[in-house]
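Everything numeric in this text was worked out from a predicted model, so none of it was measured.
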2 protein chains.
Amino acid sequence: MLSPIRTATAQPAFGLDAVFGGACPRFVRDEEIFGEGEAADYVYQVVSGAVRTYRILRDGRRQIDEFHFAGDHFGLELSDVHRVTAEAMADTTVRMIRRGALSDLAAQRGDAARAIFRLTAEGLQRSQDHVLMLGRRSACERVAGLLLDIAERTHAKAELDVPMSRQDMADYLGLTIETVSRTLTSLQDEGLIALPTVRHVVLQDRSALERMTA
Amino acid sequence: MLSPIRTATAQPAFGLDAVFGGACPRFVRDEEIFGEGEAADYVYQVVSGAVRTYRILRDGRRQIDEFHFAGDHFGLELSDVHRVTAEAMADTTVRMIRRGALSDLAAQRGDAARAIFRLTAEGLQRSQDHVLMLGRRSACERVAGLLLDIAERTHAKAELDVPMSRQDMADYLGLTIETVSRTLTSLQDEGLIALPTVRHVVLQDRSALERMTA
DNA sequence: CCTCCGGTTTGATCCGGATCAAGGCGTGCG
DNA sequence: CGCACGCCTTGATCCGGATCAAACCGGAGG
């Protein structure tokens, strides 16, 4: 829908990149960028580092909604309030654009509106994949899927840096840290990956991992 | 984001309703509306009945992505191919609009582009809620949440018709039919609901159900 | 260099939900 | 009216992942 073929202008792909402010706010590891329930006055883009967005149930159970890497957008809301909390997973810089400015831009330029649609629809696709993961996949398939996803999104080949703790992985995958840890160990025992350090993974048999992802 | 306050025109809320074709294709129960991988030439709106969209893994595991009731839109894709299969859950009528027509409209009218954004963002919100459900809720919480969701979306008060089979519920909730059935029975035993017939539920203690939903 | 400390791994056991297996029941059809 | 077929419920057992508990690292600070 709204395929790029139909863009009215000649410019290749109007990102929203140009419209983001020049200043790049910095956040240290685990610093909150915005909180659930706060006014959603800005939309964000990760410049460097990584961000997690999550929600917490009354009793403390946490579900990470999404990880955001360099270039990814987050914080775009339908209502005027953030539905999730956003935190830096490492030292991170972001760019921001006022929601109102984005809205005005979309009203003026069809290609901007299309770019916003694209952003939202990409988020929806990712969320749908997440649903499939959580609803119908085993712990092992989930972990393998996450590693491949991180590799792809951070443009890593065989070696990748995992920018999150085991707890973050668990809360994204709907598992516990113990299960994540055991699963990684067993993937290593089977020779599919290597774990030189806790946050560094080598994909030794990518096709086997991809096969698990079904 | 893109809040209704900023609409340029005076008209209250430009739905996409006006732009959908007049003909209402009909589908009988379990009939496919479109299949995963098929060209996404149209966007759909449920007129009457209900629709499920789902994906299937190689080994047959099915995950229902979303249920769509009267008024709901479905089939809007970022790419030109459907990522899910859509089937009528009961005898159903839908309205359709050519994707290209919608795209043209969005390019001309800011309010149309905004309506499309709204549609997509609502789908994203629902998907995020689904993720939270699947990642961090017990079987009992999931079933209670689904009942409340159906009640709300079909505008039912205390009594509601469940338009789907136990298998559909299970495949939406990431459970098995046996667990869904047992959970419903235990909710009934606890006096939270009554089940006069298989597809008819009475919410006897809505606040208790809502409390489970956390 | 040693110690401390938070994050991670590993071990033992438990439990919620899956699986396997029968029954019940409502509905449509002969 | 009765039979049969699908769906649903219920029962028995199993198992994947959770929970509880302890040991193991690896990096920061003294």
Legend entry - Heavy-atom pair with the smallest gap, counting every atom of Pro25(B) and Met96(B): CG-SD, 3.5 Å
Any salt bridge between [X] and [Y], counting N to O under 4.0 Å?
| X | Y | result |
| --- | --- | --- |
| Asp80(B) | Arg99(B) | no |
| Glu66(B) | Arg83(B) | no |
| Glu141(B) | Arg61(A) | yes |

Legend entry - Integer-rounded Å distance: dT8(C) C1' and Leu195(A) CG: 11 Å
Legend entry - Start and end of chain B contact along DNA chain D [non-hydrogen atoms, under 4.0 Å]: dC8(D) to dA12(D)
Inset, instruction - Please tell me which of Thr197(A) and Leu175(A) maps to the more 5' nucleotide of DNA chain D, matching each residue to the nucleotide holding its nearest heavy atom. - result: Leu175(A)
Legend entry - Residue pairs involving residues 191-213 of chain B (criterion ring pair (Phe, Tyr, Trp, His ring centres under 6.0 Å); sequence neighbours excluded): none
Just the table, please: protein N/O against nucleotides 3-7 of chain C N/O, every pair under 3.5 Å.
none

Inset, instruction - Enumerate the residue pairs fulfilling salt bridge (Lys or Arg N to Asp or Glu O under 4.0 Å) with a member in residues 197-214 of chain A, sequence neighbours excluded, ordered by first and then second residue. - result: Arg206(A)-Glu210(A)
List the residues meeting side chain to side chain contact (heavy atoms under 4.5 Å, CB included) with [X], not counting sequence neighbours, and say none if there are none.
| X | result |
| --- | --- |
| Ala144(A) | Leu209(A), Met212(A) |
| Arg182(B) | Glu178(B) |
| Glu38(A) | Glu32(A), Phe34(A) |

Compile the donor-acceptor pairs under 3.5 Å between side chains in residues 164-172 of chain A and protein atoms, sequence neighbours left out, one pair per line.
unit_1    : atom_1 : unit_2    : atom_2 : d
Ser165(A) : OG     : Gln167(A) : N      : 3.4
Ser165(A) : OG     : Asp168(A) : N      : 3.1
Arg166(A) : NH1    : Val198(A) : O      : 3.2
Arg166(A) : NH2    : Val198(A) : O      : 2.9
Gln167(A) : NE2    : Asp171(A) : OD1    : 3.1
Gln167(A) : NE2    : Asp171(A) : OD2    : 3.4
Asp168(A) : OD1    : Arg62(A)  : NH2    : 2.7
Asp168(A) : OD2    : Arg52(A)  : NH1    : 2.8
Asp171(A) : OD1    : Arg136(B) : NH2    : 2.8
Asp171(A) : OD2    : Arg62(A)  : NE     : 2.6
Asp171(A) : OD2    : Arg62(A)  : NH2    : 3.0

Would you be so kind as to tabulate the donor-acceptor pairs closer than 3.5 Å made by side chains of residues 40-49 of chain B, with sequence neighbours excluded?
unit_1   : atom_1 : unit_2   : atom_2 : d
Tyr42(B) : OH     : Arg98(B) : NH2    : 3.3
Gln45(B) : OE1    : Arg95(B) : NE     : 3.4
Gln45(B) : OE1    : Arg95(B) : NH2    : 2.9
Gln45(B) : NE2    : Gly71(B) : O      : 3.1
Gln45(B) : NE2    : His73(B) : NE2    : 3.4
Ser48(B) : OG     : Thr93(B) : OG1    : 2.8

Side-chain donor-acceptor distances from residues 183-195 of chain B under 3.5 Å, at least two apart:
unit_1    : atom_1 : unit_2    : atom_2 : d
Thr183(B) : OG1    : Thr179(B) : O      : 2.6
Thr185(B) : OG1    : Ser181(B) : O      : 2.9
Ser186(B) : OG     : Thr183(B) : O      : 3.1

Legend entry - Nearest-nucleotide comparison on DNA chain C, the residue closer to the 5′ end among Arg136(A) and Val180(A): Val180(A)
Legend entry - For DNA chain D, the residues among residues 182-192 of chain B that have a non-hydrogen atom under 4.0 Å from it: Arg182(B), Thr185(B)
Legend entry - Arg142(A) side chain vs Leu134(A) backbone, donor-acceptor pair below 3.5 Å: yes
Inset, instruction - For the helix from dC1(C)-dG30(D) to dG30(C)-dC1(D), measure the angle between the helix axis at one end and the axis at the other, each built from five pairs, rounding to 10°. - result: 30°
